Amino acid sequence: MNPALETIKERGFLQQCTDLEGLSKRMDEGPVTFYIGCDPTGPSLHIGHMVPFFALRHLRDAGHVGIALLGGGTARIGDPSGKTETRKMISYEAIDANAELFRKQLDRFVGFDGKTSFSANNKDWLADLNYIDFLRDIGSHFSVNRMLSFEAYKARMETGLSFVEFNYQLLQSYDFLELYRRHGCRLQIGGDDQWGNIVAGMELIRRVEGAEVFGLTFPLVMTHDGKKMGKTEKGALFLDPAMTTPYDFFQYWRNVSDADVLKFLLMFTFLPAAECRALAAPGRDINAAKERLAWEVTALIHGTEEADKALSGAKAAFGGGGDRSSMPTAELSRARFEAGYPVLDLFVDAGLAPTKSEARRLVQQGGAFVADAAWKDEKAPVGAGLLDPDGELVLRAGKKRYCRIVAK
RNA sequence: GGGGAGAUUCCCGAGUGGUCAAAGGGGGCAGACUGUAAAUCUGUUGGCUAUGCCUUCGAAGGUUCAAAUCCUUCUCUCCCCA
C-alpha cells in the first residue's frame, strides 16, 4: 500500500475507503489533491473538527495537496448527517465571521502555503447558484429513492427532515465537482458521518465528468466509555483559548481514560507511531504517557509556550513542583480578605462555583479546600491571615479544580 | 384544507386543583476507594439577604382562598387524512 495511506491506516484514521487499491495506486503515481469540508457553524473549531486536519497534515507531508474547504455556503442550510434534529439557522453575517475565524485557526494548525495546502470557501460558487440551472445540471443526477436509503437520512425519517436539509447532499456533491474542475481534486476525506455525501459526490463526478475520484472516511472518535471525544461538561473542547483555556485543554488530555491513551497519541500527535506505542505500552507509567499526550496536543494547538505553562500549572496544582503562577488564577480585592471574605462568595468569585448554592453544597459535602485544608463552615469568613506573604491563596473545589487567588 | 396528540426543571420522562421546587432514570457535582484513569458504593442536583422568601412546568390573559394541573387566546412540534 502507498506509504501515506499506510500511515493513515496505522494511526487509526481509516474507517472506509471507496477504493483503497485504486487510491493507493493513484497516490503512488504522484501527488493527489484532496479536500476536507468543514461548516463554520460556530465561533471556534473544536477538537472534533480536527481529526481530518491531522490527516491532512500527514498526507500533505507525504507530498499530496490538501484543500480545506470552508462551508460558508453549505452552513447556510445545515447538514443533517449525524444530527437528530434540525440545526438552528445562522445569520449570513455570523457565518462569514465564523468562516474567517475557522480559516485563521486552520492556517495556524496546517500552515497554508497556497501550494501544498490552501483554503477555499464554497460560498464562492454556491451563494449565487441559479435554482433552475442547478436542478437541471446537478439535481437530475440524484435519485430520491437512493438518497432515502442512505443511513444519514434514514435516521431522520423518524424525527423529520426539512427539504432544505435534504438538499445538503447535492450541495456537498457539487462542491466536490467544483473542486475537481478548479483544482483537479480527486479525493474527499471526512468523518464517517460524511460517507453518504462523499459517495454521492464521487458518483456525480463520474456521471458529469466521467472521472474516477475517491472518498475516504475516518472513524467517529469516541472515548472508550462511548462518549463523543472532546465533549466536556461545559461543552466542546474549543481551540479558541478564550473559550477553552490552554490549561483546561491540557487537563482534558491529561485526564483521558487509560484505554484511550494510545489511540489519542496516534491521532492527535505527530510522534512516530513506534514512540506512541512505547509510551502507552503495558508496564510503562501510564500517567507519564498522559502527560506527554497532553503536552503534545496542547503544543500543536496553542504552541509550546502555552503547553509548558499548562504543564507547569498542573504540576503546581497537583503537587509535582511546577510554577504556581501558571495555575488558573483570579485576582480579588485584598480589602475583602481584610474584612473577612465570606467563603461562599470567595468560591463564586474565584469561578469555582457558579452560584452560592453550589458553593454551599461544596462546603457541606467537604469538597471546598482553602490553602489545602477542607473548609467545613459555610458561615466562617476567610481572613487576610490565610494569604501567604505574596498575598496568594490556593483554593480547590473537589479533587481537580484549582484556582490561585492573588489579592490586590 | 380536515382530524388527532403534545409542549414539564441540564436531557428523557411522571404528575391532571392544595400534601409540588415537582416521582423515576440519565447526566453533572461532591465524598469513599484510587493513579489527576476506569469500575463500584454513598450523598447531592432552581436561586437567595434562608427554618422563610423569590423564580420555574411553551407564551399571554382569566377562574379560584389556592393552578404544572381548570378556562380563553396565541406560538411551536408531531401523527393521520386530502
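What you are looking at is a predicted structure, and each value in this text was computed from that prediction instead of being measured. Throughout, protein chains are lettered first and strands after them, A, B, ... in sequence-line order, and every chain is numbered starting at 1.
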Counting only pairs under 3.5 Å, give me each side-chain donor-acceptor contact of residues 327-334 of chain A, with atom names and distances, residues two or more places apart or in other chains.
from: A/T329; atom 1: OG1; to: A/M327; atom 2: O; distance (Å): 2.8
from: A/T329; atom 1: OG1; to: A/R404; atom 2: NH1; distance (Å): 2.6
from: A/S333; atom 1: OG; to: A/A335; atom 2: N; distance (Å): 3.2
from: A/S333; atom 1: OG; to: A/R336; atom 2: N; distance (Å): 3.2
from: A/R334; atom 1: NE; to: A/E338; atom 2: OE2; distance (Å): 3.4

Less than 3.5 Å apart, which donor and acceptor atoms pair up between the side chains of residues 296-304 of chain A and the rest of the protein, not counting sequence neighbours?
from: A/E296; atom 1: OE2; to: A/R292; atom 2: NE; distance (Å): 3.0
from: A/E296; atom 1: OE2; to: A/R292; atom 2: NH2; distance (Å): 3.1
from: A/T298; atom 1: OG1; to: A/A294; atom 2: O; distance (Å): 2.6

Would you mind writing out the side-chain donor-acceptor pairs for residues 356-371 of chain A within the sub-3.5 Å range, not counting sequence neighbours?
from: A/K356; atom 1: NZ; to: A/D345; atom 2: OD1; distance (Å): 3.2
from: A/R360; atom 1: NE; to: A/E378; atom 2: OE2; distance (Å): 2.9
from: A/Q364; atom 1: NE2; to: A/E378; atom 2: OE1; distance (Å): 2.9

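Taking A/A278 as the reference, A/R284 meet the side-chain contact (heavy atoms from CB on, under 4.5 Å) condition, with sequence neighbours excluded. Shown here are the side-chain contact (heavy atoms from CB on, under 4.5 Å) partners of A/A380, two or more places apart in sequence or in another chain: A/W375, A/D377. Applying the salt bridge (charged side-chain N to carboxylate O under 4.0 Å, His left out) criterion to A/R206, with sequence neighbours excluded, gives no partner residue. Judged as a salt bridge (charged side-chain N to carboxylate O under 4.0 Å, His left out), and not counting sequence neighbours, A/D28 has no contacts. Listed by chain and number, the residues in a side-chain contact (heavy atoms from CB on, under 4.5 Å) with A/I286 are A/D258, A/V261, A/K290 (sequence neighbours excluded).
For RNA chain B, the neighbouring residues in residues 276-287 of chain A, judged by any heavy atom under 4.0 Å, are A/I286, A/N287. Annotation: proximity of residues 341-362 of chain A to RNA chain B (heavy atom, distance under 4.0 Å) is found for A/T355, A/K356, A/S357, A/E358, A/R360, A/R361, A/L362, numbered in ascending order.
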Between protein and nucleotides 39-43 of chain B, what N or O pairs are separated by less than 3.5 Å?
from: B/G43; atom 1: N2; to: A/Q365; atom 2: OE1; distance (Å): 3.1

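Between the P atoms of B/U8 and B/A23, the separation comes to 16 Å (whole Å).
Of the candidates B/C29, B/U36, B/G31, B/C29 carries the atom nearest the A/R401 side chain, counting heavy atoms from C-beta on.
At the heavy-atom level, A/V261 lies nowhere under 4.0 Å from the strands shown. Contact annotation for A/A314: base contact, defined as any heavy-atom pair under 4.0 Å involving a base atom.
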* To do: State the dot-bracket string of RNA chain B. Criteria: Watson-Crick or G-U wobble, both atom distances under 3.5 angstrom; notation: ( ) intrastrand, [ ] crossing earlier pairs, | interstrand, . unpaired.
  => (((((((..(((.....[.....)))((((((.......))))))(((...)))...(((((..]....)))))))))))).
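The distance between atom CG of A/L262 and atom C1' of B/A38, rounded to the nearest whole Å, is 17 Å.
Ring orientation note: the planes of A/F264 and A/F268 are nearly perpendicular, at an angle over 60° on the 30°/60° scale.
Counting distance only, with no hydrogens placed and no angle test, the side-chain atoms of A/Q251 and the base atoms of B/U36 include a donor-acceptor pair under 3.5 Å.
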